[in-house]
Amino acid sequence: MAEEKSGRDGSVQSLRRAFELLERLADTGGEASLSELAATSGLPMPTIHRLIRTLVALGYVRQNTNRRYALGARLIRLGENASMQFGTWARPLLAELVDEVGETANLAVLERDEVVYVAQVPSKHSMRMFTEVGRRVLPHGTGVGKAILSQLPPEEVRALLRRTGMPSYTEHTITDPEEMLRHLAAIARQGYAVDESEQELGVRCVAAPLTGTPAPAAVSVSGPEGRLTKEAVSRIAPAVQRVAETLSAHLANEDLSA
């Protein structure tokens with residue numbers, strides 16, 4: 001049996017390349033041909049074919065009827081468990097945010113074109129916002145979703161919105177892709193997003209994106225409009241941004257030490 005080649009950092013080359021291919025598939029929206037993978041990865045076609053064949057056999061990649069390759073169902077369990085572990089790790093920071101601003105704090109990640117809530121710490125008010133951990137929503141109608149989308153290139157956002165559609169949840173939901181792109185550009189300049197009753201009437205949400213993280217994510221604070229007024233947003237937004245920055249820094253340090 002041939003010995004696996006190792007990189008300068010001691011990593012196994014074939015394993016590194018296999019994960020790079022999975023990342024390339026994710027970058028294309030989850031589906032690509034072998035030639036597209038060769039063009040984006042720079043790997044020789046025989047190498048790609050060998051790695052893809054192994055990933056298909058393991059269930060991490062599947063071959064569609066159109067002979068294109070897509071991310072496999074076996075990745076779902078890994079992704080969901082990793083997301084929940086991320087949420088558990090972030091809960092103490094969310095609790096500090098709740099203590100500071102007095103409203104419910106959330107952490108969400110982008111998975112397969114949907115926003116998934118992976119952690120929540122509720123406020124101490126009797127009337128408070130509650131979102132079930134594990135809940136999936138489309139990103140265009142939520143504060144966390146818009147914060148996440150504001151960090152993606154416009155062409156990626158357009159492609160995602162084409163795949164998901166832009167259903168209207170309330171009269172305030174943005175349902176036009178070009179209007180959304182203009183809105184996202186303003187969010188990127190401002191550094192945080194506000195959900196103005198776009199997902200649920202009477203609810204306002206302030207969200208800030210994490211940056212430089214392996215998966216797109218955002219932190220938010222949500223509450224009834226009567227308490228989370230527009231004036232309160234200017235006070236709460238810096239606190240949300242600070243927690244997002246802290247989480248981003250922790251993840252970057254963890255990635256560097258891995």
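For the numbers below, each heavy atom of this structure counts, side chains included, while hydrogens, waters and symmetry mates do not.
Within 6.0 Å of the CD atom in Glu23, the count of heavy atoms belonging to other residues, nucleotides or ligands does not exceed 12. For NE2 of His172, the number of neighbouring non-hydrogen atoms (other residues, nucleotides, ligands) closer than 6.0 Å is greater than 12.
A heavy-atom distance below 4.5 Å is found between the side chains of Gln120 and Thr104. Residues Leu22 and Leu71 have side chains in contact (heavy-atom distance under 4.5 Å, counting atoms from C-beta outward). Looking at Val116 and Arg135, their side chains never come closer than 4.5 Å, going by heavy atoms from C-beta outward. Side-chain contact between Thr170 and Gln199: absent, with no pair of heavy atoms (C-beta onward) separated by less than 4.5 Å. Between Ser41 and Ile48, some side-chain heavy-atom pair lies under the 4.5 Å cut-off. Contact annotation: the side chain of Arg17 approaches that of Gln13 to within less than 4.5 Å [non-hydrogen atoms, C-beta and beyond]. At least one side-chain heavy atom of Val206 sits less than 4.5 Å from a side-chain heavy atom of Tyr192. For the pair Glu103 and Pro224, the minimum side-chain heavy-atom distance is below 4.5 Å.
Residues Leu152 and Pro216 come closest through the heavy atom pair CD2-CG, 4.5 Å. For the pair Gly165 and Leu138, the tightest heavy-atom approach, listed with the atom from each and the gap, is O-CD1, 4.3 Å. Here the closest non-hydrogen pair linking Ser248 and Thr213 is CA-CG2, 4.2 Å. Of all non-hydrogen atoms in Ala218 and Ala147, the two that sit nearest each other are CB-CB, 4.0 Å. Annotation for Ala217 and Val109: closest pair CB-CG1, 3.8 Å, computed over non-hydrogen atoms. Contact between Ala208 and Gly191 at its shortest, heavy atoms only, is CB-O, 4.0 Å.
Cluster membership check: Leu107 shares its hydrophobic cluster with Val98, using side-chain heavy-atom separations under 4.5 Å among Ile, Leu, Val, Met, Phe, Trp and Tyr. The hydrophobic cluster containing Val194 also contains Val101, counting ILVMFWY residues as joined when their side-chain heavy atoms lie under 4.5 angstrom apart, directly or transitively. Hydrophobic clustering (ILVMFWY, side-chain heavy atoms < 4.5 Å, transitive): Val137 and Ile174 are in one cluster. Cluster membership check: Met166 shares its hydrophobic cluster with Val144, using side-chain heavy-atom separations under 4.5 Å among Ile, Leu, Val, Met, Phe, Trp and Tyr. Leu37 is connected to Leu58 through a chain of hydrophobic side-chain contacts under 4.5 Å among Ile, Leu, Val, Met, Phe, Trp and Tyr, so both are in one cluster.
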Using the side chain to side chain contact (heavy atoms under 4.5 Å, CB included) rule, take Glu198 and Thr142 through it: C-alpha gap first, then chi angles, then the decisive distance, then the call. CA-CA 7 Å; Glu198 295 160 52; Thr142 64; over 6 Å; no

Taking it one step at a time, do Lys230 and Glu225 satisfy salt bridge (Lys or Arg N to Asp or Glu O under 4.0 Å)? CA-CA 8 Å; Lys230 291 186 178 181; Glu225 288 180 329; over 6 Å; no

Apply side chain to side chain contact (heavy atoms under 4.5 Å, CB included) to Arg235 and Glu231, showing your working. CA-CA 7 Å; Arg235 171 179 57 85; Glu231 290 74 22; over 6 Å; no

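Partners of Glu36 under the salt bridge (charged side-chain N to carboxylate O under 4.0 Å, His left out) rule, at least two apart in sequence or in another chain, are Arg68. Every residue two or more places apart in sequence or in another chain that forms a salt bridge (charged side-chain N to carboxylate O under 4.0 Å, His left out) with Arg158 is listed here: Glu178. Partners of Tyr169 according to the ring-ring contact (aromatic ring centres under 6.0 Å, His included) rule, which considers only residues two or more places apart in sequence or in another chain, are His140.
Between the side chain of Glu155 and the main chain of Pro153, no donor-acceptor pair closer than 3.5 Å is present. Side chain of Arg204 to main chain of Leu228: a donor-acceptor pair is present (N/O by atom type, distance under 3.5 Å, no hydrogens or angles). A distance-only check finds no donor-acceptor pair linking the side chain of Asn64 to the backbone of Arg67 [under 3.5 Å]. Using modelled atom types, one side-chain atom of Thr54 and one backbone atom of Arg50 make a donor-acceptor pair closer than 3.5 Å. A donor-acceptor contact shorter than 3.5 Å is absent between the side chain of Lys146 and the backbone of Ile187. Ser168 places no side-chain N or O within 3.5 Å of a backbone atom of Thr173 that could act as its donor or acceptor partner.
A salt bridge is defined here as a Lys NZ or Arg NE, NH1 or NH2 lying under 4.0 Å from an Asp or Glu carboxylate O, and Glu100 with Arg242 meets this definition.
To the nearest 0.5 Å, the span separating CG on Leu210 from CD1 on Ile148 amounts to 8.5 Å. Atom CZ of residue Arg91 and atom CG of residue Leu93 lie 12.0 Å apart, to the nearest 0.5 angstrom. The distance from the CG atom of Leu110 to the CG atom of Leu160 is 6.5 Å, given to the nearest 0.5 Å. For the atom pair Glu20 CD and Leu43 CG, the distance stands at 6.5 Å (nearest 0.5 Å). Note that CZ of Arg62 and CG of Leu55 are 13.5 Å apart. Values are rounded to the nearest 0.5 Å. Here CD of Glu171 is found 6.0 Å from CG of Leu201. Values are rounded to the nearest 0.5 Å.
In the model, Ser35 has a side-chain atom that pairs as donor or acceptor with a side-chain atom of Ser33 under 3.5 Å. Ser220 and Asn106 share a side-chain donor-acceptor pair at under 3.5 Å. Using modelled atom types and a 3.5 Å distance limit, the side chains of Gln151 and Thr211 yield no donor-acceptor pair.
Partner of Leu21 under the side chain to side chain contact (heavy atoms under 4.5 Å, CB included) criterion, chosen from Thr40, Ile52, Val61, Thr47: Ile52.
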